[in-house]
J.: 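Quick one: structure below, then a few questions.
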Amino acid sequence: MTYADYYYEMKKKFMGTDVSDIKEHLAYQFDIEDEEAGGIFYVEVKDGQLFVEPYAYYDRDAKFIADVDTFMKIAEGKLDPVAAFTAQKLRVEGNIDKALKLKEIIELKQKAEKKAAKAAKSAAKSAAKSTKK
């Protein structure tokens, strides 16, 4: 996997997250440690919107440093960022209070995905009932 492939995969995982309830500005830089997919990108919450860009963010609140697998598991909700930090799979530099808000962003994304899946399942059931009649 190249950096570009990895970046776009991560962008898909973050984008679409409803962060309208987060009123403060958050800026995170992610440093990916990998021979092929290594690089930097940032996630920013600003004015109730979420942005993911393939650049360094020098005025960031926190910087996260980990390998490809760790970041992917965190983004997918399979690995808690606090647990990753505790297990020394994730290094964090900067404002720890703001860094902890990353977990909130991931949880918002997971809730939205579950809600969408439930709605799709409900719609499929309704469609199946309609075709039986």
Side-chain angles (χ1 to χ4, degrees):
M1 177 181 287
T2 66
Y3 166 76
D5 295 334
Y6 183 74
Y7 163 73
Y8 286 113
E9 183 68 26
M10 292 300 285
K11 185 170 183 163
K12 281 193 316 188
K13 293 195 180 306
F14 279 105
M15 294 306 296
T17 304
D18 180 7
V19 293
S20 59
D21 288 341
I22 299 175
K23 302 301 179 198
E24 66 186 302
H25 179 264
L26 300 171
Y28 303 126
Q29 180 174 308
F30 294 81
D31 289 13
I32 307 144
E33 296 181 327
D34 187 80
E35 287 281 325
E36 293 178 36
I40 295 171
F41 69 94
Y42 74 84
V43 174
E44 179 181 30
V45 175
K46 181 179 178 182
D47 300 327
Q49 294 184 313
L50 186 130
F51 303 92
V52 181
E53 298 297 334
Y55 312 110
Y57 198 108
Y58 295 104
D59 193 22
R60 63 188 169 260
D61 296 310
K63 177 165 70 169
F64 300 98
I65 306 150
D67 62 28
V68 170
D69 293 333
T70 299
F71 279 136
M72 192 63 75
K73 287 177 184 174
I74 290 170
E76 292 171 344
K78 295 178 181 176
L79 178 61
D80 181 273
V82 175
F85 177 78
T86 304
Q88 299 180 348
K89 292 182 177 187
L90 174 69
R91 296 189 315 273
V92 181
E93 297 175 4
N95 184 322
I96 297 300
D97 289 333
K98 288 197 173 192
L100 288 169
K101 301 249 181 201
L102 175 66
K103 183 175 178 176
E104 181 180 338
I105 293 169
I106 293 167
E107 288 171 350
L108 287 170
K109 179 66 174 173
Q110 289 174 323
K111 285 180 187 177
E113 287 172 348
K114 285 180 184 177
K115 187 175 180 180
K118 188 175 180 180
K121 188 175 180 179
S122 178
K125 280 185 179 180
S126 294
K129 286 182 182 179
S130 296
T131 55
K132 284 185 177 181
K133 292 180 181 183

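Just so you know, these numbers come straight off a predicted model, no measurement behind them. The chain is numbered in sequence order, starting from 1.
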J.: Are there more than 12 heavy atoms of other residues, nucleotides or ligands under 6.0 Å from atom NZ of Lys73?
T.: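 Count not over threshold, so no.
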J.: Which heavy atom in Phe64 sits nearest to a heavy atom in Val92, and how many Å separate them?
T.: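 Looking at all heavy atoms of both residues, the shortest contact is CD2-CG2, 3.7 Å.
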J.: Taking C-beta and beyond as the side chain, do Leu90 and Phe71 meet within less than 4.5 Å on heavy atoms?
T.: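 Leu90 reaches Phe71 side chain to side chain.
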J.: Considering non-hydrogen atoms only, spot the tightest contact between Ile40 and Ala56 and give its length.
T.: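 Taking Ile40 first and Ala56 second, the nearest heavy atoms are CG2-CA, 3.7 Å.
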J.: Restricting to non-hydrogen atoms, name the atom on Thr70 and the atom on Ala84 that form the minimum distance, rounded to 0.1 Å.
T.: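 Smallest heavy-atom distance, with atoms named: CG2-CB, 4.3 Å.
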J.: For the pair Glu9 and Lys13, find out whether any cationic side-chain nitrogen is under 4.0 Å from an anionic carboxylate oxygen.
T.: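 Between Lys13 and Glu9 there is a salt bridge, with a charged N closer than 4.0 Å to a carboxylate O.
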J.: Can you label the angle between the Tyr3 ring and the Tyr7 ring as parallel, tilted or perpendicular, going by 30° and 60°?
T.: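 If you compare the ring of Tyr3 with that of Tyr7, the planes turn out parallel.
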J.: Tell me the closest heavy-atom pair linking Val52 and Phe41, and the distance in Å.
T.: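 That closest heavy-atom pairing would be CG1-CD1, 4.0 Å.
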J.: Does a sphere of radius 6.0 Å around NZ in Lys98 hold more than 12 heavy atoms from other residues, nucleotides or ligands, not counting ones at 6.0 Å or beyond?
T.: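 Enclosed: over 12 neighbouring heavy atoms sit under 6.0 Å from NZ of Lys98.
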J.: Report yes if the side chains of Arg91 and Lys63 come closer than 4.5 Å at any heavy-atom pair, otherwise no.
T.: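 SC-SC contact between Arg91 and Lys63 ruled out.
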J.: Only counting residues at least two apart or in another chain, list the ones meeting salt bridge (Lys or Arg N to Asp or Glu O under 4.0 Å) with Lys125.
T.: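 For Lys125 there are no salt bridge (Lys or Arg N to Asp or Glu O under 4.0 Å) partners, ignoring immediate neighbours.
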J.: Where is the tightest heavy-atom contact between Thr17 and Lys109, given as atom of each residue plus distance?
T.: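 In terms of heavy atoms, the two residues are closest at OG1-CD, 3.1 Å.
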J.: Look at the rings of His25 and Tyr57 and say which category their plane angle falls in: under 30° parallel, 30 to 60° tilted, over 60° perpendicular.
T.: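 Correct class here is tilted.
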J.: Parallel, tilted or perpendicular for Phe14 and Phe30, by the 30°/60° rule?
T.: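 Rings of Phe14 and Phe30: tilted, as their planes differ by 30° to 60°.
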